[in-house]
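Naming: A, B, ... by sequence-line order, numbering from 1 per chain.
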Amino acid sequence: MNSIRVRFAPSPTGSLHIGGARTALFNWLFARRNEGRFILRIDDTDLERSTEKSYHEILDALRWLGLEWDEGPYLQSQRLERYRRAALELLNSGRAYLCYCTPEELAARRKAAQASGRAPMYDRRCRYLTPEERSRLEDEGRQPAIRLAIPDSGTTVVRDLIRGEVSFENSTIDDFIIMKSNGIPTYNFATVIDDYDMQITHVIRAEEHLSNTPKQILVFEALGYELPYFAHVPMILAPDRSKLSKRHGATSVEEYRDAGYLPEAIINYLALLGWSPEGEEEILPLEKIISSFSLEKVSKNAAIYDIKKLTWMNGHYLRETDLDRITEMAIPFLQKKGFIAEPLAPESYAYVRRVVGVVRDRVKTLEEIADAASYFFQEITSYEEKGINKYFTRPDVADLLERCRERLAEVEEFSAQNTEAAYRALSEELGVPTGQLFHPTRLAVSGRTMGPGLFDILEILGKERVLERLKKAANYVRKITG
RNA sequence: GGCCCGUUAGUCAAGUGGUUAAGACACCGGUCUUUCAAGCCGGUAACAGGGGUUCGAAUCCCCUACGGGUCACCA
């Protein structure tokens, strides 16, 4: 059958970029939506820049995002023989020719052309070489590259599923190199052979490739291959409208993972960059995204990457996702701070889970969960300055803390409910507003002025630690208020 | 510079000739409350500019401006 096949073809020259992830996502969604196959191909023909490390990083990032591929990864570096055969075929049919110009010569001519205001195109001087000229150049020891002979008239039309028909005059297209002199194919050539061999039906990629597409179409045609459908998705830009790069902060998927973002949040956010579903809902479960995804709803204009919205969404998923899953994901962050052992003792899991359960409501990343949970794992070494000034400056606070401590000592079952009841009763007896008890207590047991519900904190810390911390705080207040 | 794509609030976006021009993030206010969040309620804020076409243009056409992409023996 004519089933749909799409591919994601990154070059392993760095970790998976946010833009790359979005391209992968759209391909993946399109495949899932249409019961097609999602193929992973690694475009590693740039021997200098490709690295094994990047290769693994990209695969890891895709897996972490949940963008599993159905086939591959195929490596272009293992298909060199195939490209050579195809190039030879074009040479034999006269659709391509050998070019003996050296990179240095070309660069010099390009520079000269630009300086005199002419288009920096290849002058085709090797296109019509006589046999004599050719053998002379070969005698000089020159290794030829292979160029595609572009028709000098006519237009090439890209039929794009997102942008409609885009035409290019053939006269503006260079006789570009398809095989470098070292026998390695260039991108615009290898891509075509691969897309054909892998029976790709839809080439979905970033808009930066739109101007490459007529070149590729010309290769398809020269080889007599049927064209796939093309769909160029808009670029993702930085807030200053320039291309997203390092200087704009985190740009790779793994940086977001390490900063405590959830894959579901990244997926949801990225899906909404350049695509929108029918309804008004923006928090969308993956199933919903898949079932409503279509290329027709992909927008044409570039989108600016808004980390604030991503972060908001991350906070949402942090709160709404199953607590065990969030706990599992938070554990490495707690370990990194040395709060819990690595590996975590199984009997400690329940405690960690309770902590995560109360802390996650008020933060936006896993990293922040760890930041907000310190006092559940470590003794308090200092009190927030703002809190000291606000709650620890009056001498009677020490006495109040003592009274609280005494009362809590009497609580048998140390539950949030019971401790709260004890506090409210005490407040009434002393004729003191609840706040005057709650705030100093919070500062005493957590060292902070804000956080989860006070009585949840008390319950999780447990009677012993709470009494201890109240004692310590009372002493501290006495000391500073003299 | 040539070629190509694009332009609805600060940002993402709905919208395909007649709408009070959705919704979301951010921002501001209110509410709830033991704090901080979250939640809920409300608010500020947009069709790049100019010409056409039309009874009527965010929607169609042209020009200008601005932004982006691409012009490598990188992908």
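Looking at residues two or more places apart in sequence or on another chain, you find a side chain to side chain contact (heavy atoms under 4.5 Å, CB included) between P277(A) and L272(A), W275(A), L284(A), S292(A). Judged as a side-chain hydrogen bond (donor to acceptor under 3.5 Å, both in side chains), and not counting sequence neighbours, E207(A) has no contacts. Residues forming a side chain to side chain contact (heavy atoms under 4.5 Å, CB included) with D175(A) (at least two apart in sequence, or on another chain): Y97(A), Y122(A), R124(A), R127(A), R147(A), I150(A). R424(A) is linked by a side chain to side chain contact (heavy atoms under 4.5 Å, CB included) to E420(A), T434(A), F438(A), counting only residues two or more places apart in sequence or in another chain. Scanning for ring pair (Phe, Tyr, Trp, His ring centres under 6.0 Å) contacts around Y55(A) gives an empty result, with sequence neighbours left out.
Of the residues near RNA chain B, P185(A) and S276(A), the one whose nearest nucleotide (by heavy atom distance) lies more toward the 5' end is S276(A). When each of H209(A) and D240(A) is assigned the nucleotide of RNA chain B bearing its nearest heavy atom, the one mapping closer to the 5' terminus is D240(A).
Under the Watson-Crick or G-U wobble criterion, with both distances below 3.5 Å, U19(B) has no partner in any strand shown. Using N1 to N3 plus N6-O4 or O6-N4 for Watson-Crick, or N1-O2 and O6-N3 for G-U wobble, each under 3.5 Å, C40(B) pairs with G30(B). In this structure G67(B) sits in a base pair with C5(B), meeting the Watson-Crick or G-U test at under 3.5 Å. Judged by Watson-Crick or G-U wobble contacts below 3.5 Å, the nucleotide C60(B) has G52(B) as its partner. Under the Watson-Crick or G-U wobble criterion, with both distances below 3.5 Å, A75(B) has no partner in any strand shown.
Note: CZ (F230(A)) to P (C4(B)) measures 18 Å, nearest angstrom. Regarding R41(A), its CZ atom lies at a distance of 11 Å from the C1' atom of A75(B), rounded to whole Å. One can place CD1 of I173(A) at 16 Å from C1' of G69(B), the figure rounded to the nearest angstrom. Counting to the nearest Å, the P atom of C25(B) and the CD atom of E281(A) are 11 Å from each other. If you take NZ of K308(A) and C1' of A26(B), they are 5 Å apart, rounded to a whole angstrom. As a whole-Å value, the separation of F189(A) CZ from C74(B) P is 15 Å. Atom-to-atom, CD of E280(A) to C1' of A13(B) comes out at 11 Å; the value is rounded to the nearest Å. Atoms CD (E278(A)) and P (A13(B)) sit 16 Å apart, rounded to a whole Å.
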What's touching nucleotides 33-37 of chain B from the protein side, N or O pairs under 3.5 Å?
from   : atom 1 : to      : atom 2 : distance (Å)
U34(B) : OP1    : R424(A) : NH2    : 3.3
U34(B) : O2'    : H439(A) : ND1    : 3.4
U34(B) : O2'    : H439(A) : NE2    : 3.4
U34(B) : O2     : R442(A) : NH2    : 2.9
U34(B) : N3     : L454(A) : N      : 3.4
U35(B) : O2'    : T449(A) : O      : 3.0
U35(B) : O2     : G451(A) : N      : 2.7
U35(B) : O2     : G451(A) : O      : 3.2
U35(B) : N3     : R442(A) : NH2    : 3.2
U35(B) : N3     : G451(A) : O      : 2.6
C36(B) : O2     : R362(A) : NE     : 2.5
C36(B) : N3     : R362(A) : NE     : 3.3
C36(B) : N3     : R362(A) : NH2    : 2.8

For nucleotides 71-73 of chain B, list the nitrogen or oxygen atoms of the protein found under 3.5 Å from its nitrogen or oxygen atoms, one pair per line.
from   : atom 1 : to      : atom 2 : distance (Å)
C73(B) : O2     : S181(A) : N      : 2.7
C73(B) : O2     : S181(A) : OG     : 2.9
C73(B) : N3     : S181(A) : OG     : 3.0
C73(B) : N4     : C101(A) : O      : 2.6

Restricting both atoms to N or O, compile the protein contacts to nucleotides 46-50 of chain B shorter than 3.5 Å, with distance only.
none

Considering only nitrogen or oxygen atoms on both sides, find all protein atoms under 3.5 Å from nucleotides 5-12 of chain B and state each distance.
from   : atom 1 : to      : atom 2 : distance (Å)
C5(B)  : O2'    : R163(A) : NE     : 3.1
C5(B)  : O2'    : R163(A) : NH2    : 2.8
C5(B)  : O2'    : E207(A) : OE2    : 3.1
C12(B) : OP1    : I304(A) : N      : 3.1
C12(B) : O2'    : L272(A) : O      : 3.1

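At a threshold of 4.0 Å, the pair R125(A)-E105(A) does not count as salt-bridged, since none of the basic side-chain nitrogens sits closer than that to a carboxylate oxygen. The pair D46(A)-R49(A) counts as a salt bridge, with a side-chain nitrogen and a carboxylate oxygen less than 4.0 angstrom apart.
Looking at N314(A), its side chain does come within 3.5 Å of a backbone N or O of L262(A) through a donor-acceptor pair. In terms of modelled atom types and a separation under 3.5 Å, the side chain of R163(A) and the main chain of H232(A) share a donor-acceptor contact. Checked by atom type and distance alone, the side chain of Y269(A) pairs as donor or acceptor with a backbone atom of D306(A) at under 3.5 Å.
Within 4.0 Å of S211(A), counting heavy atoms only, lies at least one base atom of the nucleic acid. In this structure, K297(A) reaches the sugar-phosphate backbone alone: every heavy-atom distance under 4.0 Å involves primed, P, OP1 or OP2 atoms, never a base.
Across V359(A) and P452(A), no two heavy atoms sit closer than the pair CG2-CG, 4.1 Å. A373(A) and L334(A) make their closest contact through CB-CD2, 4.4 Å (heavy atoms, listed as atom of the first residue, atom of the second, distance). Here the shortest heavy-atom pairing between A398(A) and V477(A) reads N-CG1, 3.9 Å.
Legend: ring-ring contact (aromatic ring centres under 6.0 Å, His included) pairs involving residues 159-187 of chain A, not counting sequence neighbours, sorted by first then second residue: Y187(A)-H209(A). The side-chain hydrogen bond (donor to acceptor under 3.5 Å, both in side chains) pairs that include a residue from residues 148-158 of chain A are T156(A)-N170(A), where partners are two or more places apart or lie in different chains.
Between A57(B) and C25(B), the two C1' atoms lie 30 Å apart (nearest whole Å). Rounded to whole Å, the C1' atom of U19(B) lies 28 Å from the corresponding atom of C40(B). For the P atom pair drawn from A72(B) and C28(B), the interatomic distance equals 49 Å after rounding to whole Å.
Looking at residues 243-252 of chain A, you'll see K243(A) sit with a heavy atom under 4.0 Å from some atom of RNA chain B.
Taken from CG in L80(A) to CG in N182(A), the straight-line distance is 9.5 Å, to the nearest 0.5 Å.
The aromatic ring centres of Y423(A) and F455(A) sit less than 6.0 Å apart.
Among R7(A), R79(A), R41(A), R85(A), the single residue meeting the salt bridge (Lys or Arg N to Asp or Glu O under 4.0 Å) criterion with D197(A) is R79(A).
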